[in-house]
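Protein chains get the first letters and strands the later ones, always in sequence-line order, with residue 1 at the start of each. Only this structure's heavy atoms are used, side chains among them; waters, hydrogens and symmetry mates stay out.
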Amino acid sequence: MSGKKILHDLVVLKNEHLNKWHFILELQAPELLPQFLPGQFVQVLVKDSPSTFLRRPFSIHGFDPVKNTIRLLIQIKGEGTSHLSLLREGDKLNVMYPLGNSFTLPSGKNVLLVGGGCGVAPLLFLARWLKEQDVKVTILTGWKRKEDIFEKDVYLQCGEVLVTTENGSEGEMGMVTSHTIFKSDRTFDRIYCCGPDRMMKAVAHMAKRKGIDCEVSLENTMACGFGVCLCCITPTNHGNQRVCMEGPVFSTKELGW
Amino acid sequence: MSGKKILHDLVVLKNEHLNKWHFILELQAPELLPQFLPGQFVQVLVKDSPSTFLRRPFSIHGFDPVKNTIRLLIQIKGEGTSHLSLLREGDKLNVMYPLGNSFTLPSGKNVLLVGGGCGVAPLLFLARWLKEQDVKVTILTGWKRKEDIFEKDVYLQCGEVLVTTENGSEGEMGMVTSHTIFKSDRTFDRIYCCGPDRMMKAVAHMAKRKGIDCEVSLENTMACGFGVCLCCITPTNHGNQRVCMEGPVFSTKELGW
Amino acid sequence: MIDLSIKIGHLNMKNPVMTASGTFGYGEEYRDFLDLGRLGGIVVKAVTGNNRDGNAYPRMAETPSGMLNSVGLQNKGVDYFVKEIYPLIKDFDTNVIVNISGSTIEEYVAVAEKINELENIPAIELNISCPNVKQGGMAFGTISSTATEVTAAVRKVYKKDLIVKLSPNVTSIQEMAKAVVDGGADIISLINTLLGMAIDADKRRPVLSTVTGGLSGPAIKPVALRMVWQVSKAVKVPVIGMGGIMNATDAIEFILAGASAVQVGTANFIDPGVTMKIVEGIEAWCGLHKVGSVKELVGGLIS
Amino acid sequence: MIDLSIKIGHLNMKNPVMTASGTFGYGEEYRDFLDLGRLGGIVVKAVTGNNRDGNAYPRMAETPSGMLNSVGLQNKGVDYFVKEIYPLIKDFDTNVIVNISGSTIEEYVAVAEKINELENIPAIELNISCPNVKQGGMAFGTISSTATEVTAAVRKVYKKDLIVKLSPNVTSIQEMAKAVVDGGADIISLINTLLGMAIDADKRRPVLSTVTGGLSGPAIKPVALRMVWQVSKAVKVPVIGMGGIMNATDAIEFILAGASAVQVGTANFIDPGVTMKIVEGIEAWCGLHKVGSVKELVGGLIS
Ligand SMILES: Cc1cc2nc3c(=O)[nH]c(=O)nc-3n(C[C@H](O)[C@H](O)[C@H](O)COP(=O)(O)OP(=O)(O)OC[C@H]3O[C@@H](n4cnc5c(N)ncnc54)[C@H](O)[C@@H]3O)c2cc1C
Ligand SMILES: Cc1cc2nc3c(=O)[nH]c(=O)nc-3n(C[C@H](O)[C@H](O)[C@H](O)COP(=O)(O)OP(=O)(O)OC[C@H]3O[C@@H](n4cnc5c(N)ncnc54)[C@H](O)[C@@H]3O)c2cc1C
Ligand SMILES: Cc1cc2nc3c(=O)[nH]c(=O)nc-3n(C[C@H](O)[C@H](O)[C@H](O)COP(=O)(O)O)c2cc1C
Ligand SMILES: Cc1cc2nc3c(=O)[nH]c(=O)nc-3n(C[C@H](O)[C@H](O)[C@H](O)COP(=O)(O)O)c2cc1C
Ligand code: FES
Ligand code: FES
């Protein structure tokens, strides 16, 4: 599915801090980037962190074939992401790509994208790609508070945007999974979902009840990211599958969710 | 001997690259620095180097009680020193000090300082200190080539400067240990020497033959630097001594050289 | 010209750099990153008698300068290997060695017999040390009499080079080495992973589904070097060293300690092209130190 | 208020944070960096029957996330300790525990007898595991019958709390734990260092004068955690855990794995004030996780 895998030193064009815990790295390649697909990810080497031994996987948040850049939306979790957050313009970053499969086109033309927390990372790229294929996109994202919300404007360019906040300071109060859209009679040809496992399972469950097709992107911990270590597996109805190769995108049917 | 030991984040005021392999870090303390003595050293934490686990010891090359700064002259050897060479103005460095004993005053007023390679590090501080005590200082340093020589001007402010280069491009050709001063009938009240063990042993040997007192500064590998691990020991005529506590300065008589 | 070639047992290798079982798949996934033909050899991942699903997720924990894994020998069994995998790998221009594992002596023997029939497989590596599988694995590699027994049983049916891979989780690695030589091993490889554990304090849970797993990476290099040194002095058969090799200097350390060849494992995950850099680095090091043939370095420690 | 106190054997400790033998001198050198009275306990460095010079320099090698040492029990012997050191440390406001070592059972017994007389030493830690000394050290800690024997011999003469410190260089740590409990150990501490080796490739020499040495630091944490977990399930006596603890999270991992207290070793070299941060960090962690007493965490792994 994905093309030849490459290891390259990419140059940091921009390190944009969105809020205390999120930032976007814009990275430019020395050679023509492959035609990335939404859902694919990269493996990043964090050089200057003593406690970061393995590479760190991040989804493609944005891909600009003209500028020959990719954008990663990163949430600061531990040592590795903290170090990445300190990168400055001009720094180099060793990156492996393209990795993983990708989201697929829906049968119809009307879809819902659901993202919780940093799970929004692959959704922007997906939303833009779907829009290019003339699919009508509704995007539902969940946040702690109004102040945490970022990039709403760019999502608005792709379709309708629904929001939940835990304290109700914008959109509906609560979690994404309790948004009224799931109780309404609106229906979709597919739901795409990224976020914590529990959230994805809840969405998958609601989709199933409504008979809607659902694709999720898993974030199993990885040692290699290119299919050799067998550490990232998930059970599916056709046996253990590698999230880094046969995934990260799976239909919830395959997963038996 | 040395006062209370302290751990502090010092601020990099300057990182001056002397040549490809040597640089000087000027570090300022947030609180009043102790009254350092020549021969003492500090232990530096290298944070961003994955393969540098222990602190790295460096001699005090310069101490300015007015600016409240110390200067370290560092030779790039491996990972730790490479990382230090990349420090920028304003960066912070966690340093432990003051460590070790110090050089002592000679019985007379006429001394020779001998430094090979990075062994010059503690000699500048020593030369200045001796000059303040009205001791006449002659400084002999050895280099590969003329282009490698640095800081000759500051040494000249302390006394006579003799130089050897391996290719003869400045001063006498050869190693410091083959300088004619050792064959001449010039004599000194003491020789102070820092550099590779082999060089120090050769100088100690010549000093012994001439009946001149000799102090050397050892650079045994260290785990702690403050006397608890017992890794840095050197045998002396009164048993194993810790280079980081009873040293790094020893009279060559103690060492039985 | 520096001669990097080495002969171990009947294996002619272009250079001493091999890949470690379980970290290189069947070689396929690495084709984007390197020319397999430039490797001394590759050891493919463990093959067992029947299909094994391996352990449940999570199977991995990152640790200081290393990682724990509890993959648990996931593979489709020897018949699948012979029919589906072998055709894909048999013409690789390098020594393709099959790592075999089992829960019983009969299983080891059955797998070895089938691999023995494969013309282009010049050797097997007997994994008597995998700490992940409750039955079998642990015991074979940690009791010397059992190690002799399983080696001898396989020796009877396997006609080509028999490599036995030792577990480091033992009191005396020399005793284990002697035990497998007594059983008929032609070559010894070591070390497999150290048994370790990781805990997620916040969740108050072990990270791995199996609680314990195998530690690999630079963290274990000092233990691996020590064991390679001890074993190479204790037995006469050639030794293949591994454990935490990340670069050419690490590889040379193992060779100096007594290894005739090395295997690179976890490092492949971080830099899939690392083995090529190691081959080139060994060559450069030999040039710098005026060593004409890498053979001169084997066990060449001055002590 | 979070209760950090813990009782192990008869030892009342303010908190579960102790310092490891050989890494804390006699406590004196740390006074510039911390208040010894805020520690749960300190274990002073090994005391032997007579003066020992230890091994030749070099005694240290840095390794990935760790270090090797071959200090070799340098100390001035038990009589010097009793006369010169004890007076300096006896009034520290913490549990001062003496680590004792020897080459023969007689030596262990002799040292233990003399320490038994020291009123302000509430416990000894029997180091049956130091891998640096050729005679004795290795054997006591790696053969279960010998471990029982030396423990029993010391038990006869030592009336206060007897801690026995296990070596990790064994096939079955549970077996060793049971052996020392059979011998009469009140408390088990583990792990001592893993036997390792470092090579300077350019010089083609082992880095240590003794060729092999003891590995400590974060590199060994996964092995240490695993062993603490295994031992705490295998025996009923309390366990003191150590090996690579650098911060409060590491300490909590050991406690969750089954340790009632922890010892901090190599980390003290890098940050001599680290134990205070660990004490404060454990308290903060308990606050965050609504744990009222650290006792609740001991062995509190959900699995
Ligand atoms: C295919 C894939 C795509 C991803 N895409 C993105 C992305 O676009 N943006 C983004 O911010 N993150 C993404 N992640 C998660 C990201 O890789 C981790 O957050 C990151 O590796 C943490 O590194 P660290 O060193 O900062 O944290 P660590 O110090 O390694 O860990 C900090 C905490 O986070 C937990 N953690 C680490 N990795 C994971 C994981 N994969 N899943 C769940 N918990 C984890 C650890 O258990 C620990 O509790 C993705 C993961 C995968 C597998
Ligand atoms: C008391 C003392 C004072 C010192 N003062 C200075 C100074 O003022 N300026 C300066 O540049 N250096 C000084 N050194 C040496 C300096 O500490 C080392 O060069 C440095 O720690 C190397 O760190 P690294 O990570 O770059 O190299 P590493 O990667 O640790 O080592 C690179 C190479 O250098 C060797 N090496 C490392 N440390 C030493 C050592 N202590 N002695 C001999 N070989 C060693 C290693 O064996 C290896 O071959 C001093 C050492 C001591 C003990
Ligand atoms: C993910 C993973 C899977 C492994 N699977 C096997 C295996 O199937 N058979 C085997 O003998 N060793 C297996 N090993 C052990 C390695 O071959 C090697 O002995 C060990 O990792 C030490 O080398 P390293 O530190 O270079 O990785 C595995 C190691 C890892 C990390
Ligand atoms: C330099 C050094 C000296 C040591 N000396 C002793 C000793 O004398 N007695 C002993 O029982 N353990 C000794 N140890 C082992 C430590 O007490 C501890 O068991 C080991 O280092 C693991 O803990 P750590 O990783 O926190 O250092 C020593 C360790 C080091 C690093
Ligand atoms: S992360 Fe290695 S196989 Fe997926
Ligand atoms: S370096 Fe630890 S005692 Fe000197």
Among B/Ala223, B/Pro50, B/Gly227, B/Ser51, who wins on heavy-atom pairs under 4.5 Å with chain D? B/Ala223
Quick one: does D/Asp32's side chain have a donor or acceptor within less than 3.5 Å of a partner on B/Lys4's backbone? no
Assess whether atom NE2 of B/His205 is packed by more than 12 heavy atoms of other residues, nucleotides or ligands within 6.0 Å. no
Salt-bridge contact B/Arg55-D/Glu62 (side-chain N to carboxylate O under 4.0 Å): no
Scored by heavy-atom pairs under 4.5 Å with chain B, the best of D/Pro58, D/Gly22, D/Gly66, D/Pro64 is D/Gly66
Looking only at non-hydrogen atoms, find the nearest pair between B/Phe53 and D/Thr266 and report the distance. CE2-CG2, 3.7 Å
Residue B/Asn220 versus chain D: region with a heavy atom under 4.5 Å: both
Kindly indicate whether the side chain of D/Met67, heavy atoms from C-beta on, has any atom under 4.5 Å from the side chain of B/Cys231. yes
B/Met175 atom CE, neighbour heavy-atom count above 12 within 6.0 Å: no
Below 4.5 Å, heavy atoms only, C-beta onward: do B/Cys224 and D/Glu29 meet side chain to side chain? no
Using heavy-atom distances under 4.5 Å, tell me whether B/Met96 contacts chain D through its side chain, its backbone, both, or neither. side chain
Assess whether atom CG of D/Asn50 is packed by more than 12 heavy atoms of other residues, nucleotides or ligands within 6.0 Å. no
Do B/Ile6 and D/Phe33 make a side-chain contact, defined as non-hydrogen atoms from C-beta onward lying under 4.5 Å apart? no
Give, for atom CD1 of B/Ile233 and atom CD of D/Gln74, the distance between the pair rounded to the nearest 0.5 Å. 6.0 Å
To the nearest 0.5 angstrom, please state how far the CG atom of B/Leu230 sits from the OG1 atom of D/Thr23. 11.0 Å
Mark yes when over 12 heavy atoms from residues, nucleotides or ligands other than D/Lys76 sit less than 6.0 Å from its NZ; otherwise mark no. no
Expected output: side-chain D/Arg59 to main-chain B/Cys232 donor-acceptor under 3.5 Å: no
Below 4.5 Å, heavy atoms only, C-beta onward: do B/Val228 and D/Lys45 meet side chain to side chain? no
Selection from B/Thr52, B/Leu7, B/Leu54 maximising heavy-atom pairs under 4.5 Å formed with chain D: B/Leu54
Side chain, backbone, both or neither of D/Tyr30 within contact of chain B (heavy atoms, under 4.5 Å): side chain
Can you say whether D/Tyr57 sits under 4.5 Å from chain B via the side chain, the backbone, both, or neither, judging by heavy atoms? both
May I ask you to name which of D/Gly273, D/Gly217, D/Pro272, D/Gly54 has the most heavy-atom pairs under 4.5 Å with chain B? D/Pro272
Side chain, backbone, both or neither of B/Leu45 within contact of chain D (heavy atoms, under 4.5 Å): side chain
